[in-house]
There are 2 protein chains.
Amino acid sequence: MERKRGRPRKYDPEIALDAALTLFWTRGYAATTLDALSEATGMQRPSLYAAFGDKSELFAQALGRFQQRMSQTLGAVLEQDPLDTALAELLVGVVDVYAPGDEPARGCFVFSVAALEAVEHPTTRAAVAKVVDALDERLRRRFERAVSAGELPAHCDVLTLARLSSAAVHSISLRARSGSSRRALRAFARASAAMLLSAARA
Amino acid sequence: MERKRGRPRKYDPEIALDAALTLFWTRGYAATTLDALSEATGMQRPSLYAAFGDKSELFAQALGRFQQRMSQTLGAVLEQDPLDTALAELLVGVVDVYAPGDEPARGCFVFSVAALEAVEHPTTRAAVAKVVDALDERLRRRFERAVSAGELPAHCDVLTLARLSSAAVHSISLRARSGSSRRALRAFARASAAMLLSAARA
DNA sequence: ACTATTTTGTACTGGATCGAATAAAACATC
DNA sequence: GATGTTTTATTCGATCCAGTACAAAATAGT
């Protein structure tokens, strides 16, 4: 891996993109200024443009990064056995992402921030829909696997079960952003998992 | 009711506030300019300030108006009997509010638009939390009434049932804003109501 | 008519914002 | 060391934005 030709970069594109993601995540698209992005990333404005394009392109790339990371993390958790712990840990796991620390929680980047832009920007709308659908699909496949494994009865409505489990995730995002405590969120996550599975076995 | 002293208003404050609400609802707080608000309401900028205060105060009043209207509408639907139709009509009813027509659906004003501001504006955060909690509470009381009426078994977890029903509402808001069809939303609403009640009776 | 009062309509201001243009800096290669 | 290339750093310009000042307009009371 050879060194490139010109003046070396001062920034790491990955770290800078994470910083941009964090800023968009808290303030939303419109309220995030290029000056703030420049300061947060440590990059000057022309460097931002050279690396990521304009503001909307940077936002799109931040979204892609969030989605990719989320998909990997949650995918691994969900493939655990047995089903009951997989679902419970999925829901409790999103609490850690949506409400990580003490500062005001931000919820989900896609469901809370990108969704706002969905009305007027069809591209973002499609991206949000894709994330929503992907979670539904992943959950549905996991539930179908559970049916095959005899963990769930054959007659159960796996599609609705998946969508309602997604709904719990959506709700955790909203509740986190509205200030619910981590403790309350975890309690909701666990109780939801239990009730969803009891519904599946009814 | 006597006429007032000076030059008569050209606008109806209620209608103007509705127009402002609509605009905030589609664009979000930051992306909604006073020029756009002025045009949508038919009021000149100084009239806007005189009637509603500055931009953030106008937003707060729009939120209050949405909340009040929503509360009335849904409250009536939920007090129906029996429980099964009350819950189903509640969820199907929110579809009509969140995805009314053909143009890009906007979801819930509080859950999608106000929630974005929740991180940096504690007042808005509290307002969002209040709406979330109010829906939880209303549902919980309705389920407790159903237990008293013998529609649900006494042992069932009404609190989680209520929160999970709220979650379905939150999810419908998100799915609407992400472009899901009214048909798909209604199907999800009905299937969710059925599954939640089967869980309650498990 | 005249005055007081309320609202409207126009114009303005200070500041923020996005994107670009330009020049200096730091490196590899020849 | 000279040259070419890539990035950084500064600066600029055109636009947009929120909030306000001020005068004209439209009504009720006297």
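Values in this document were obtained by computation on a predicted structure and should not be read as measured data. Below, chain A is the first sequence line, B the second, and so on; all start at residue 1.
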### Query
Roughly, in whole Å, what's the span from CG in A:Asp12 to P in D:dT7?
14 Å
#### Entry: B:Lys55 NZ to D:dC16 P, straight-line distance once rounded to whole Å
15 Å
### Task
Round to a whole Å and report the spacing from CZ of B:Arg5 to P of D:dA26.
18 Å
### Query
When you check the phosphate oxygens OP1 and OP2 of D:dA25, does a side-chain N or O of B:Arg7 lie under 4.0 Å from one of them?
no
### Query
Between D:dA25 and B:Lys10, is there an OP1 or OP2 to side-chain N/O distance shorter than 4.0 Å?
no
### Query
Which residue pairs pass the side-chain hydrogen bond (donor to acceptor under 3.5 Å, both in side chains) test when at least one of the two sits in residues 178-199 of chain A, sequence neighbours left out?
A:Asp96-A:Arg182
### Whole angstrom value for the distance that separates P of C:dG9 from OH of B:Tyr11
11 Å
### Task
Go through the structure and list residues passing salt bridge (charged side-chain N to carboxylate O under 4.0 Å, His left out) with B:Arg145, not counting sequence neighbours.
B:Glu79, B:Asp81
### Message
Using a 6.0 Å distance limit plus a 45 degree cone around the ring axis, check whether A:Arg177 lies over the aromatic ring of A:Tyr98.
### Response
no
### Nucleic acid contacts of residues 23-53 of chain B, taken as heavy-atom distances under 4.0 Å to DNA chain D
B:Thr32, B:Thr33, B:Leu34, B:Arg45, B:Pro46, B:Tyr49
### Query
Could you give all pairs that pass the side-chain hydrogen bond (donor to acceptor under 3.5 Å, both in side chains) test and reach residues 110-125 of chain B, with sequence neighbours left out?
B:Ser112-B:Ser173
### Summary
Across all chains, not counting sequence neighbours, the salt bridge (charged side-chain N to carboxylate O under 4.0 Å, His left out) partners of A:Glu103 are none
## Note on the structure
Hits for salt bridge (charged side-chain N to carboxylate O under 4.0 Å, His left out) against A:Arg27, two or more places apart or cross-chain, chain-then-number order -> none
